[in-house]
Amino acid sequence: MRERLADAGDEPLSARQRRAQGAVDRMLDVVPWYKGLPELERDLIRAELRVVSLAAGEFLFRAGNRSPGWYGVVQGLVKWSSPGADGKSLSLAGFSTGSWFGEATMIRRERFEYEVVALRPSQIVILPRETCERLWNNNIEFTKALMMHLAQRVDWLMSSFTSNVLLDVDTTVARAVAAQFNAERHSGTNGRLKVSQEEIAGLCGISRQRCNAALARLARAGVLETYYGGLAILDVDELHRLAKVKKNA
């Protein structure tokens with residue numbers, strides 16, 4: 001896995017670093033488990049975070065790589081998928097600003113059985129496994145947050161399996177939109193998601209035309225409206241009902 005700062009031409013390295021650090025600080029400021037830690041622990045975690053910048057189409061990791069820790073999305077959008085022997089992949093979920101993922105593989109100390117690729121330029125932080133282990137051994141609130149992530153991940157995987165086997169394209173698209181809304185609910189977006197129709201299609205593993213048609217039907221139902229480069233959620237309860245998923249607290 002390659003770690004680097006995003007290219008910014010002739011901009012001084014120190015300025016790029018300050019800008020990257022500011023984005024990380026803004027993301028952490030809306031992470032509930034982080035805000036609940038003592039100040040000294042927050043400062044220590046902030047110092048131990050590693051930052052990775054990805055270009056669109058670049059892999060964060062592939063199946064077979066070892067896990068260095070817990071991943072958090074500072075900005076951007078990445079897709080979680082499972083590669084098949086025939087070269088095709090099964091799209092599982094998308095992770096956007098504020099999302100944390102990779103906890104199960106980290107805890108089990110196993111190699112990844114899936115891959116994560118950036119759908120747009122993205123910035124990711126890695127909380128090292130040693131830091132996570134210190135926290136779950138000494139801080140009950142962090143342990144609760146980690147267990148809640150695991151529980152939600154299991155629930156999401158079960159729902160995804162049902163979706164891939166049984167559900168129609170409208171429900172599949174509604175689930176993808178609901179997942180992005182849930183991931184960004186603490187980020188102050190007020191229901192406006194910076195995710196394109198092409199990205200939603202990529203997350204669902206369907207054609208852009210089928211995705212656009214499903215989004216148009218959701219718009220006509222008053223669930224959302226589309227605009228250039230994003231979506232605005234108008235009816236959160238109806239979105240979750242159509243997606244057949246529970247609304248996160």
Side-chain angles (χ1 to χ4, degrees), residues 1-4 24 27-28 31-34 37 45-46 48-54 57-119 122-164 175-176 179-180 182-184 202-205 245 248:
M1 183 177 57
R2 184 171 54 188
E3 292 182 49
R4 53 180 171 74
V24 173
M27 186 270 275
L28 289 174
V31 174
W33 66 258
Y34 178 81
L37 295 173
I45 288 172
R46 182 66 184 84
E48 292 173 340
L49 284 173
R50 295 162 53 195
V51 181
V52 178
S53 293
L54 303 171
E58 187 173 2
F59 283 85
L60 178 63
F61 55 77
R62 292 181 180 269
N65 289 158
R66 289 196 177 277
S67 170
W70 200 16
Y71 294 90
V73 182
V74 177
Q75 53 193 5
L77 178 65
V78 299
K79 182 173 74 170
W80 172 29
S81 59
S82 178
D86 59 357
K88 297 181 179 179
S89 64
L90 174 64
S91 180
L92 297 172
F95 301 120
S96 54
T97 301
S99 299
W100 289 82
F101 61 94
E103 59 278 347
T105 304
M106 174 191 69
I107 291 171
R108 292 186 293 116
R109 293 180 178 270
E110 298 289 343
R111 294 180 183 271
F112 289 112
E113 297 178 355
Y114 53 88
E115 58 192 21
V116 169
V117 63
L119 295 183
S122 302
Q123 189 176 62
I124 311 295
V125 291
I126 304 173
L127 186 62
R129 189 189 190 283
E130 294 75 15
T131 304
C132 291
E133 188 168 0
R134 182 184 73 241
L135 287 168
W136 75 54
N137 283 333
N138 296 284
N139 189 285
I140 188 63
E141 293 306 317
F142 177 83
T143 304
K144 288 179 179 178
L146 191 60
M147 293 304 101
M148 181 57 69
H149 271 274
L150 281 168
Q152 291 174 343
R153 195 76 68 215
V154 170
D155 185 62
W156 179 258
L157 285 172
M158 293 299 293
S159 297
S160 294
F161 175 78
T162 302
S163 174
N164 288 321
R175 282 174 182 256
Q180 296 311 299
N182 290 339
E184 298 189 27
L203 294 175
C204 295
V245 295
N248 287 0

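No side-chain heavy atom of L28 sits less than 4.5 Å from a side-chain heavy atom of I45. Two residues are said to be in side-chain contact when any heavy atoms from C-beta on lie closer than 4.5 Å; L60 and V78 fail this criterion. For the pair W33/L146, no side-chain contact is recorded, criterion being any heavy-atom separation below 4.5 Å from C-beta on.
Taking all atoms of both residues into account, the shortest heavy-atom contact from R66 to R109 is NH1-O, 4.2 Å. Taking all atoms of both residues into account, the shortest heavy-atom contact from W100 to V125 is CH2-CG2, 4.0 Å. Across every non-hydrogen atom of F59 and L54, the tightest pair is O-CD2, 3.9 Å. Heavy-atom minimum distance, S82 versus E113: OG-O, 4.2 Å. A pairwise comparison of heavy atoms in S122 and L77 identifies OG-N, 3.0 Å as the closest pair. In terms of heavy atoms, P68 sits closest to I126 at CG-CG2, 4.0 Å.
Between the side chain of N138 and the main chain of R134, a donor-acceptor pair closer than 3.5 Å is present. Checked by atom type and distance alone, the side chain of R129 pairs as donor or acceptor with a backbone atom of M106 at under 3.5 Å.
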Notebook entry, point to check: What do the steps show when you test Q123 against V51 for side chain to side chain contact (heavy atoms under 4.5 Å, CB included), and what is the final call?
Noted result: CA-CA 7 Å; Q123 189 176 62; V51 181; 3.7 Å; yes

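Between the OG atom of S67 and the CD atom of E110 there is a distance of 10.5 Å, given to the nearest 0.5 Å. Here the CG-OG distance, from L203 to S81, works out to 10.0 Å after rounding to the nearest 0.5 Å. With rounding to the nearest 0.5 angstrom, the CE atom of M147 is 4.5 Å from the CD1 atom of I107. Taken to the nearest 0.5 Å, the CD1 atom of I124 stands 10.0 Å off from the CZ atom of F95. Taken from CD in Q180 to OG1 in T97, the straight-line distance is 9.5 Å, to the nearest 0.5 Å. Rounded to the nearest 0.5 Å, atoms CD (E103) and CG (L150) are 5.0 Å apart.
Remark: aromatic rings of F61 and Y71 are close, center separation under 6.0 Å. Between W70 and H149, the ring centre distance stays below 6.0 Å.
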